[in-house]
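See below for the structure under consideration.
Note that the structure is predicted; figures quoted are calculated from it, not measured. Hydrogens, waters and symmetry mates play no part in the numbers below; they use all other heavy atoms, side chains included. Each chain gets a letter, A, B and so on, in the order its sequence line appears, and its residues count up from 1.
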2 protein chains.
Amino acid sequence: MNKKVISIGTVCELTGLSERQIRYYEERKLIFPERMNGGIRKYSFLDVEILIDIANKREEGVQTAEIKKEMNKKNKYDAAARDQAIKGQLNAYFHKRS
Amino acid sequence: MNKKVISIGTVCELTGLSERQIRYYEERKLIFPERMNGGIRKYSFLDVEILIDIANKREEGVQTAEIKKEMNKKNKYDAAARDQAIKGQLNAYFHKRS
DNA sequence: CGTGTAAGGAATTCTGACACG
DNA sequence: CGTGTAAGGAATTCTGACACG
């Protein structure tokens with residue numbers, strides 16, 4: 001399911017990652033949550049899966065820039081990522097302004 | 001997906017119902033959210049679907065007691081409902097005590 | 001019966017920054 | 001580079017109750 005409905009605390013529990021890590025991976029454009037009214041991030045189950053992949057890569061010592069490249073190559077998430085990138089950036093943009 | 005990960009505000013958006021209504025339907029044992037640490041309710045996509053069904057029935061003027069009976073008959077959600085009932089009640093119980 | 005609302009508190013999330021490295 | 005943390009604020013959620021009916 002790629003509906004963005006999960007808030008960050010729940011994502012932490014599902015992935016074992018900290019809020020800080022999850023927000024950082026967003027900053028590095030590895031994931032693209034949407035923003036609800038109020039600016040609160042919402043993630044999909046697909047995001048959770050991607051985050052788990054990221055966590056595994058990071059454990060192997062792979063840097064975020066590398067992970068990003070690999071994800072684009074694999075293009076397993078590519079179409080979804082493109083969509084998400086646009087929506088996520090629009091969302092963030094509107095929130096900066098309000 | 002029957003993983004309980006959606007918080008009530010998002011459920012409101014997905015169903016068009018108010019928080020009050022959603023909590024009331026829980027009180028009437030039509031739905032069985034889980035509780036995260038902190039006592040915050042978490043719903044699944046199945047819960048959202050059930051709530052939409054409830055909303056439709058209510059619009060037709062059907063009372064919650066009737067809806068509950070229909071749901072049990074239809075037993076479309078029956079096995080799931082039984083599980084949910086147990087978990088939901090345990091969850092609520094532990095939160096009353098803390 | 002089913003739902004709205006004001007009340008007060010508790011838990012969540014957000015951003016920007018400093019820290020270490 | 002990647003992550004922790006304290007800071008202060010804003011938005012969310014919770015419960016119990018009163019209201020109307």
Remember a base hit wins even if backbone is also touched, and classify A/R23 as base, sugar-phosphate or nothing at under 4.0 Å, heavy atoms.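 Contact class for A/R23: base.
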
Check whether the side chain of A/R20 and the base of D/dT5 form a donor-acceptor pair under 3.5 Å.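 It does, because a donor-acceptor pair links the side chain of A/R20 to the base of D/dT5 below 3.5 Å.
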
Measure from [atom1] on [X] to [atom2] on [N] and round the result to the nearest Å.
X: A/M36; N: C/dT12; atom1: CE; atom2: C1'; result: 14 Å
X: A/I54; N: D/dT3; atom1: CD1; atom2: P; result: 10 Å
X: A/K4; N: C/dT13; atom1: NZ; atom2: P; result: 16 Å
X: B/I22; N: D/dC14; atom1: CD1; atom2: P; result: 10 Å
X: B/I31; N: C/dG2; atom1: CD1; atom2: C1'; result: 14 Å
X: A/E19; N: C/dT12; atom1: CD; atom2: P; result: 9 Å
X: A/L17; N: C/dT13; atom1: CG; atom2: P; result: 14 Å
X: B/E59; N: C/dG2; atom1: CD; atom2: P; result: 15 Å

Counter-base of C/dC20, judged by Watson-Crick or G-U geometry with both distances under 3.5 Å: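 Pairing partner, where one exists within any strand: D/dG2.
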
In the strands shown, is D/dT15 matched to any nucleotide by a Watson-Crick or G-U wobble pair with both distances under 3.5 Å, and which?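 Its partner is C/dA7.
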
Minimum heavy-atom distance between B/I67 and B/K57, given as atom pair plus value: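 Residues B/I67 and B/K57, closest heavy atoms: CD1-CB, 3.5 Å.
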
Shortest non-hydrogen contact from A/M36 toward B/E13: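 Taking A/M36 first and B/E13 second, the nearest heavy atoms are CE-OE1, 2.9 Å.
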
Looking at [N], I'd like to know if its phosphate oxygens (OP1 or OP2) sit under 4.0 Å from a side-chain N or O belonging to [X].
X: B/R41; N: D/dC14; value: yes
X: B/Y25; N: C/dG2; value: no
X: A/Y24; N: D/dG2; value: yes
X: B/S7; N: D/dT12; value: no

I'd like to know if the side chain of A/T15 reaches the main chain of A/L17, judged simply by a donor and an acceptor atom lying under 3.5 Å from each other, with no hydrogens or angles considered.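 Present.
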
Nearest of C/dG2, C/dG4, D/dG2 to any side-chain atom of A/R58?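 Looking only at side-chain atoms, A/R58 lies closest to D/dG2.
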
Return the nearest nucleotide to the side chain of A/I40; candidates are D/dA11, D/dT3, D/dC14.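 Output: D/dA11.
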
Say you draw a straight line from CG of A/N2 to CZ of A/F45; how long is it, rounded to the nearest 0.5 Å?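 Between atom CG of A/N2 and atom CZ of A/F45 there are 11.5 Å.
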
SB check B/R41 B/E34 (cutoff 4.0 Å):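 Answer for the salt bridge query: no.
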
